[in-house]
Amino acid sequence: MILQTERLFLRKLTADDLPALRRILQDKEVMYAYEHAFTEEEVREWLARQFERYEEYGFGLWAVCRKETGQMIGQCGITMQDWEGKLVPEVGYLFEKAYWHRGFATEAAIACKEYAFHKLGFSQVYSIIRDNNLPSQAVAKRNGMKPVGQFTKHYYGIDMPHIVFCASV
């Protein structure tokens, strides 16, 4: 276990999490900010990328599990992302649709921000969010973050405007 909150615990993803990852990453509604549901190959690449992050940085996106059931309901963690030519720590989150609007993303995101500040020693953390992803922007704001910039990513053949949120110690 990496960390825990009142209702959740976060741990490293494993190969056993593929079914839960499929429920999240292959759901078109969940993945609307990516403009497509992931293929099986993309799900496996996503998981492999987390393993690479664990190896390179010691952190990445983690499985978010409910304490009362142990069930994985989403992902949240810290990844290094490029913004304005430098790598910055990003608090990212992605949850199964059945667990939206219940405070789980905010609970996990706050815990990851605190982990980044107090365990990893970062003085600032970011969340980089599609301009049309209003629920994720609301989570960032509840996590004490404020907009500090914007840019456009070109992904999947589409220009996708993003807003950069930041919180400091």
Side-chain angles (χ1 to χ4, degrees), residues 1-3 8-66 69-102 104-109 111-113 115-116 120 125-140 150-165:
M1 183 170 48
I2 306 294
L3 58 90
L8 307 169
F9 66 89
L10 281 67
R11 61 164 173 77
K12 287 184 177 180
L13 290 161
T14 71
D16 292 339
D17 294 318
L18 271 171
L21 282 173
R22 286 184 190 109
R23 284 194 307 273
I24 298 165
L25 299 173
Q26 293 183 331
D27 182 327
K28 188 175 181 179
E29 284 185 75
V30 171
M31 300 300 290
Y32 75 92
Y34 288 78
E35 298 288 345
H36 75 292
F38 279 17
T39 65
E40 178 66 21
E41 182 180 346
E42 288 172 312
V43 172
R44 290 180 179 276
E45 288 171 359
W46 181 275
L47 181 59
R49 192 164 42 255
Q50 301 323 309
F51 295 157
E52 291 167 6
R53 287 174 168 148
Y54 299 160
E55 185 68 29
E56 183 172 358
Y57 299 108
F59 53 86
L61 291 177
W62 298 309
V64 177
C65 304
R66 294 187 68 187
T69 63
Q71 177 187 4
M72 180 181 161
I73 62 170
Q75 306 165 78
C76 188
I78 304 151
T79 61
M80 298 305 291
Q81 299 292 331
D82 181 57
W83 184 55
E84 294 189 332
K86 63 183 177 185
L87 287 179
V88 299
E90 181 193 26
V91 175
Y93 33 88
L94 194 56
F95 281 75
E96 196 173 330
K97 190 171 193 305
Y99 298 95
W100 287 5
H101 309 297
R102 293 166 65 182
F104 291 119
T106 299
E107 188 174 327
C112 286
K113 176 187 74 175
Y115 185 92
L120 300 177
V125 292
Y126 298 80
S127 284
I128 301 168
I129 304 169
R130 278 285 302 272
D131 66 338
N132 65 347
N133 191 342
L134 300 180
S136 285
Q137 291 177 38
V139 170
Q150 52 190 351
F151 68 98
T152 300
K153 282 186 185 179
H154 188 75
Y155 176 72
Y156 214 66
I158 302 167
D159 286 335
M160 299 181 182
H162 284 68
I163 301 170
V164 180
F165 290 82

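This structure is a prediction, so every number in the text was calculated from the model and none was measured.
- Considering all non-hydrogen atoms of both residues, L134 and Y32 come closest at N-OH, 4.3 Å.
- Y99 contributes no side-chain N or O that, together with a main-chain N or O of A105, makes up a donor-acceptor pair within less than 3.5 Å.
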message: Determine whether D17 and R11 satisfy the following criterion, salt bridge (charged side-chain N to carboxylate O under 4.0 Å, His left out), listing intermediate values before the conclusion.
response: CA-CA 11 Å; D17 294 318; R11 61 164 173 77; 2.8 Å; yes

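- Side-chain contact between E55 and E52 is absent, with no heavy atoms from C-beta onward closer than 4.5 Å.
- In this structure, W83 and Y126 have tilted ring planes: the angle between them lies in the 30° to 60° band.
- At least one donor-acceptor pair closer than 3.5 Å links the side chain of S127 to the backbone N or O of V91.
- Contact of the R44 side chain with the L18 side chain is registered, since non-hydrogen atoms from C-beta on lie closer than 4.5 Å.
- Between C112 and C76 the shortest heavy-atom distance is SG-SG, 3.7 Å.
- Inter-residue side-chain proximity for L61 and R49 is flagged as unmet; no heavy-atom pair is nearer than 4.5 Å.
- A 4.5 Å side-chain heavy-atom check between Y34 and R130 finds every atom pair outside the cut-off.
- Nearest approach of F165 to A140, heavy atoms of both residues: CG-CB, 4.0 Å.
- Applying the 6.0 Å contact sphere to CD of Q71 captures more than 12 heavy atoms from other residues, nucleotides or ligands.
- Checked by atom type, the side-chain pair T79/Q81 shows a donor-acceptor distance below 3.5 Å.
- Side chains of E29 and W100: a donor-acceptor N/O pair is absent below 3.5 angstrom, by distance only.
- Counting heavy atoms from C-beta outward, R22 and E40 have side chains that approach closer than 4.5 Å.
- Across all non-hydrogen atoms, the minimal contact from L13 to M72 is CD2-CE, 3.6 Å.
- Taking CG from L8 and CE from M1, the interatomic distance works out to 11.5 Å, rounded to the nearest 0.5 Å.
- Judged purely by atom type and a 3.5 angstrom limit, Y57 has no side-chain atom pairing as donor or acceptor with the backbone of I78.
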message: Test side-chain contact (heavy atoms from CB on, under 4.5 Å) on Q26 and V43; report intermediate values, then the result.
response: CA-CA 8 Å; Q26 293 183 331; V43 172; 3.8 Å; yes

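- Judged purely by atom type and a 3.5 angstrom limit, E42 uses its side chain to pair as donor or acceptor with the backbone of T39.
- A donor-acceptor pair is defined here as one N or O able to donate and one able to accept, closer than 3.5 Å; such a pair exists between the side chain of E90 and the backbone of I128.
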query: Could you go step by step and tell me if W46 and I24 meet the side-chain contact (heavy atoms from CB on, under 4.5 Å) rule?
result: CA-CA 12 Å; W46 181 275; I24 298 165; over 6 Å; no

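- Annotation: side chain of L120 is not in contact with side chain of P89 (no heavy-atom distance under 4.5 Å).
- What you find for A33 and M160 is that their closest heavy atoms are O-SD, 3.8 Å.
- Under the 30°/60° scheme for interplanar angles, the aromatic rings of W62 and Y115 are found to stand perpendicular.
- Between the OG1 atom in T14 and the CG atom in L47 there is a gap of 7.5 Å [rounded to 0.5 Å].
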message: Applying side-chain contact (heavy atoms from CB on, under 4.5 Å) to L25 and Q75, what does each step give before you reach the verdict?
response: CA-CA 10 Å; L25 299 173; Q75 306 165 78; 4.1 Å; yes

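- Remark: I2 CD1 to L10 CG distance equals 8.0 Å, nearest 0.5 Å.
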Verdict with reasoning, F104 to R66, per side-chain contact (heavy atoms from CB on, under 4.5 Å): CA-CA 9 Å; F104 291 119; R66 294 187 68 187; 3.9 Å; yes

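- Taking the side chain as every heavy atom from C-beta outward, H162 and N133 never approach each other to under 4.5 Å.
- Here the closest non-hydrogen pair linking I129 and S136 is CD1-O, 3.4 Å.
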